[in-house]
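Basis for what follows: all heavy atoms, side chains included, without hydrogens, waters or symmetry-related copies.
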Amino acid sequence: QVQLVESGGGLVQAGGSLRLSCAASGHSFSTYAMGWFRQGMRNEREFLAAITWSGTTTKYADSAKGRFTISRDIAKKTVDLQMNSLKPEDTAVYYCAATSDVGMMTERLWYDYWGQGTRVTVSS
C-alpha cells in the first residue's frame with residue numbers, strides 16, 4: 001500500500017523558514033517524480049516543485065523559484081521542501097504527491113498518489 005506522509009508544518013513568522021518532509025513507502029518510486037503542492041483557503045491545489053526520483057530533473061512554479069528548494073534522499077525514501085523567506089500568503093496546507101508520468105510532473109491531475117497534507121501558517 002502506497003503511503004506518503006508529510007511532516008514539518010507549523011507556525012512561523014514572516015521571513016522565517018520551514019523544512020517539509022515527505023516519507024514515501026509501499027512502492028518503488030524509482031521511475032516516478034515527486035511533487036509538492038499547496039492549497040490555501042480559497043485556492044485550487046497549486047503546484048510548487050517536483051523532482052524525479054533520480055534527482056536529475058527539478059521543476060519549480062514561479063511562486064517557489066528562489067525561495068523553495070526540493071530535494072530527495074533515496075536511502076531514506078524522503079522528499080523535502082526547504083522553504084525560506086516565508087510570507088503570510090504562503091499559508092496553506094502542503095501536500096506531497098507522486099506521479100508515474102514524469103513528463104507531466106508540473107500538472108496536478110497527473111499525480112497518482114497523495115499524502116494527507118501538513119499545515120503551514122505564516123504570521124505577519
Side-chain angles (χ1 to χ4, degrees):
Q1 182 180 356
V2 174
Q3 276 197 310
L4 301 176
V5 180
E6 302 96 335
S7 61
L11 175 64
V12 63
Q13 288 190 327
S17 298
L18 277 177
R19 189 176 185 90
L20 306 183
S21 188
C22 173
S25 63
H27 198 282
S28 170
F29 293 99
S30 60
T31 60
Y32 278 59
M34 307 296 292
W36 280 96
F37 293 75
R38 68 183 178 190
Q39 187 165 14
M41 288 290 289
R42 292 167 293 196
N43 301 330
E44 290 187 353
R45 197 165 294 190
E46 171 193 14
F47 168 76
L48 291 173
I51 186 168
T52 53
W53 200 252
S54 64
T56 55
T57 302
T58 57
K59 301 282 188 183
Y60 291 93
D62 287 343
S63 58
K65 285 179 184 175
R67 296 191 302 132
F68 296 178
T69 303
I70 191 169
S71 61
R72 93 288 177 250
D73 186 317
I74 292 177
K76 295 181 180 178
K77 293 191 77 172
T78 57
V79 180
D80 289 356
L81 186 68
Q82 176 67 41
M83 305 188 296
N84 300 325
S85 303
L86 285 164
K87 308 172 184 178
E89 51 263 44
D90 293 318
T91 295
V93 178
Y94 284 69
Y95 296 91
C96 172
T99 177
S100 57
D101 198 326
V102 172
M104 302 298 289
M105 65 185 190
T106 63
E107 303 298 327
R108 172 176 59 90
L109 295 178
W110 288 87
Y111 277 76
D112 306 293
Y113 304 106
W114 292 86
Q116 292 299 306
T118 185
R119 183 173 298 277
V120 171
T121 303
V122 184
S123 63
S124 57

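- For T57, there are no side chain to side chain donor-acceptor pair (under 3.5 Å) partners two or more places apart in sequence or in a different chain.
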Pair V79-W53, side-chain contact (heavy atoms from CB on, under 4.5 Å): steps then yes or no: CA-CA 9 Å; V79 180; W53 200 252; 3.5 Å; yes

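- Remark: L20 CG to T78 OG1 distance equals 12.0 Å, nearest 0.5 Å.
- Between atom SG of residue C22 and atom CD of residue E6 there is a gap of 5.5 Å, rounded to the nearest 0.5 Å.
- Considering only heavy atoms from C-beta on, W114 stays 4.5 Å or farther from C96 through its side chain.
- The backbone N or O of W110 sits less than 3.5 Å from a side-chain atom of T99, completing a donor-acceptor pair.
- Under the side chain to side chain contact (heavy atoms under 4.5 Å, CB included) criterion, A98 pairs with L4, F29, Y32, M34, Y113, not counting sequence neighbours.
- Under the 4.5 Å side-chain heavy-atom criterion for grouping Ile, Leu, Val, Met, Phe, Trp and Tyr, I74 is connected to W36 within one hydrophobic cluster.
- For E46, the side chain to side chain contact (heavy atoms under 4.5 Å, CB included) partners at least two apart in sequence or on another chain are R38, L48, S63.
- For the side-chain contact (heavy atoms from CB on, under 4.5 Å) with L18, the lone residue among V120, T121, V122 that qualifies is V120.
- Closest non-hydrogen pair, S17 versus S85, comes out as OG-N, 4.3 Å.
- Between atom CE of residue M105 and atom CD1 of residue I51 there is a gap of 8.0 Å, rounded to the nearest 0.5 Å.
- For the pair R45 and Y95, the cation sits on the ring face: its NZ or CZ lies under 6.0 Å from the ring centre, inside 45° of the axis.
- Within the structure, every pair that satisfies the salt bridge (Lys or Arg N to Asp or Glu O under 4.0 Å) test and touches residues 7-29, not counting sequence neighbours, is listed here: R19-D80.
- For the pair Y111 (side chain) and T106 (backbone), a donor-acceptor distance under 3.5 Å is absent.
- Residue-environment remark: CD (E89) exceeds the threshold of 12 foreign heavy atoms within 6.0 Å.
- Using a 4.5 Å cut-off on side-chain heavy atoms (C-beta onward), I70 and Y60 make contact.
- Residues passing the side chain to side chain donor-acceptor pair (under 3.5 Å) test with R67 are D90, sequence neighbours excluded.
- Closest heavy-atom contact between T56 and S54: OG1-OG, 2.9 Å.
- Residue K87 holds its NZ atom at 14.0 Å from OG of S124, rounded to the nearest 0.5 Å.
- Not counting sequence neighbours, Y94 has no partner by the ring-ring contact (aromatic ring centres under 6.0 Å, His included) test.
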Residue pair V93, F37: steps toward the side-chain contact (heavy atoms from CB on, under 4.5 Å) verdict: CA-CA 8 Å; V93 178; F37 293 75; over 6 Å; no

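- In this structure, the separation between CZ on F47 and CG on L109 is 13.5 Å, given to the nearest 0.5 Å.
- The number of heavy atoms from other shown groups lying within 6.0 Å of NZ (K77) is above 12.
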